Amino acid sequence: IPRAPVTKAKENDLRSPICCILGHVDTGKTKLLDKIRQTNVQGGEAGGITQQIGATYFPIEAIEQKTKTMTKYEKQTLDVPGLLVIDTPGHESFSNLRSRGSSLCNIAILVIDIMHGLEQQTIESIRLLRDRKAPFIVALNKIDRLYDWKETPNNNFRDSFESQSRAVKDEFETRLNSIQIELAEQGLNSELYFKNKNMAKYVSIVPTSAVTGEGVPDLLWLLLELTQKRMSKQLMYLSHVESTVLEVKVVEGFGTTVDVILSNGYLREGDRIVLCGLNGPIVTTIRALLTPQPLRELRLKSEYVHHKEVKAALGVKIAANDLEKAVSGSRLLVIGPDDDEEELCDDVMDDITGLLDSVDTS
Ligand code: GDP
């Protein structure tokens with residue numbers, strides 16, 4: 001049922017989009033994450049990039065810095081406060097996450113090695129993304145391995161490509177074409193992102209190198225472009241909480257905790273929450289909301305910063321009683337004063353079968 005928003009959201013009411021990264025082993029997922037995170041942009045720090053629980057947060061100023069070389073080609077208005085990138089790359093973590101109506105990941109990056117083309121887990125990832133109707137883009141990584149590639153660190157792809165020899169350009173085109181054919185065999189139309197006139201029908205390909213950083217500006221630019229232009233509805237703040245348990249962990253001094261990605265809304269100390277447990281729903285109260293201490297302050301007593309309240313989107317650790325049997329991938333809901341607790345318990349437990357299935361097969 002289509003519902004009009006009560007008040008028209010202003011641009012600055014948008015929350016940060018959330019991005020996941022997946023693909024075959026050794027395609028460069030971890031390295032690409034590291035490269036995106038690198039704060040030492042020449043001519044000053046791209047400040048404010050913060051390590052959260054299970055995720056890295058990029059404030060819009062940092063992204064602006066990192067996409068500077070794109071401005072000669074593309075103009076962009078930046079409406080979102082930043083971008084949240086989930087740190088655990090790969091298939092396992094992603095397939096563990098619930099599917100139904102999940103708002104965990106707004107956009108995914110599927111990494112393909114340009115020298116290897118589609119591999120087994122690439123194909124599994126495509127199925128997963130398709131099943132979950134998750135929008136994604138392809139990072140065609142390791143372009144620096146094309147024979148005789150001349151690197152310009154952290155450059156946009158088009159400028160780097162222009163400065164290559166005829167032979168390099170030819171090898172790129174040949175490899176790109178064969179990968180587009182492989183994607184078509186999986187039922188996917190694809191196109192280089194700057195030639196893509198129909199983002200709804202064609203998957204965009206961004207050539208990248210996680211070693212030289214070439215194409216990384218393009219990747220960040222495209223993530224923002226797609227999420228801001230095509231998903232602004234999903235990025236509006238909601239009054240209710242949407243969050244997903246990434247991991248269940250025992251932490252000294254806190255007992256069993258859950259690491260959660262808060263996709264929308266607020267969490268507060270003292271909130272009554274409900275999540276999925278192995279033996280039934282768990283109803284408990286948030287004792288502490290924790291994020292990691294900034295690196296330079298690691299000598300302080302605690303590893304964590306405590307928060308009274310946190311706002312989406314972010315990754316946060318929750319300490320509470322009775323979390324021992326919590327199931328990763330579960331939704332986590334807040335029980336408001338007018339909510340029917342039993343109904344919410346049923347809601348979160350609806351997912352248990354799917355969650356346990358994916359645990360069994362992984
Ligand atoms: P993951 O398994 O997908 O996380 O892959 P990694 O990030 O661990 O990378 C696998 C290997 O490929 C490592 O040795 C990386 O240094 C290398 N690698 C990753 N990206 C690139 C790239 O863009 N160019 C080159 N030449 N090597 C890369």
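Scope of the values below: all heavy atoms of this structure, side chains included, with no hydrogens, waters or symmetry mates. Just so you know, these numbers come straight off a predicted model, no measurement behind them. Every number for a ligand or one of its atoms is a count from 1 in the order of the listing.
Heavy atoms of Asp144 found under 4.0 angstrom from ligand 1 belong exclusively to the side chain. Residue contacts with ligand 1, taken as heavy atom pairs separated by less than 4.0 Å, involve Lys31 via backbone and side-chain atoms alike.
Applying the 6.0 Å contact sphere to NZ of Lys229 captures no more than 12 heavy atoms from other residues, nucleotides or ligands. Remark: Glu324 CD is packed, more than 12 non-hydrogen atoms of other residues, nucleotides or ligands lying under 6.0 Å away. Applying the 6.0 Å contact sphere to NZ of Lys325 captures no more than 12 heavy atoms from other residues, nucleotides or ligands. Around atom OH of Tyr202, no more than 12 heavy atoms belonging to other residues, nucleotides or ligands sit under 6.0 Å away.
Closest to atom 9 (O) of ligand 1 by heavy atom, among Gly28, Ala139, Pro207, is Gly28. Considering Leu32, Thr27, Ile143, Thr30 only, the shortest heavy-atom separation from atom 4 (O) of ligand 1 involves Thr30.
Close approach of ligand 1 to Val25 is summarised as follows: ligand atoms under 4.0 Å from at least one heavy atom of the residue are 2 (O). Short contacts between ligand 1 and His24, defined as distances under 4.0 Å to a heavy atom of the residue, involve ligand atoms 3 (O). For ligand 1, the atoms sitting less than 4.0 Å from at least one non-hydrogen atom of Ala210 are 20 (N), 22 (C), 23 (O), numbered in the order shown with element in parentheses.
For the side-chain hydrogen bond (donor to acceptor under 3.5 Å, both in side chains) test, no residue two or more places apart in sequence or in another chain qualifies with Glu151.
On a distance-only criterion, Asp26 and ligand 1 share at least one N/O pair closer than 3.5 Å.
Counting only heavy atoms from C-beta outward, the side chains of Asn321 and Thr285 never approach each other to under 4.5 Å.
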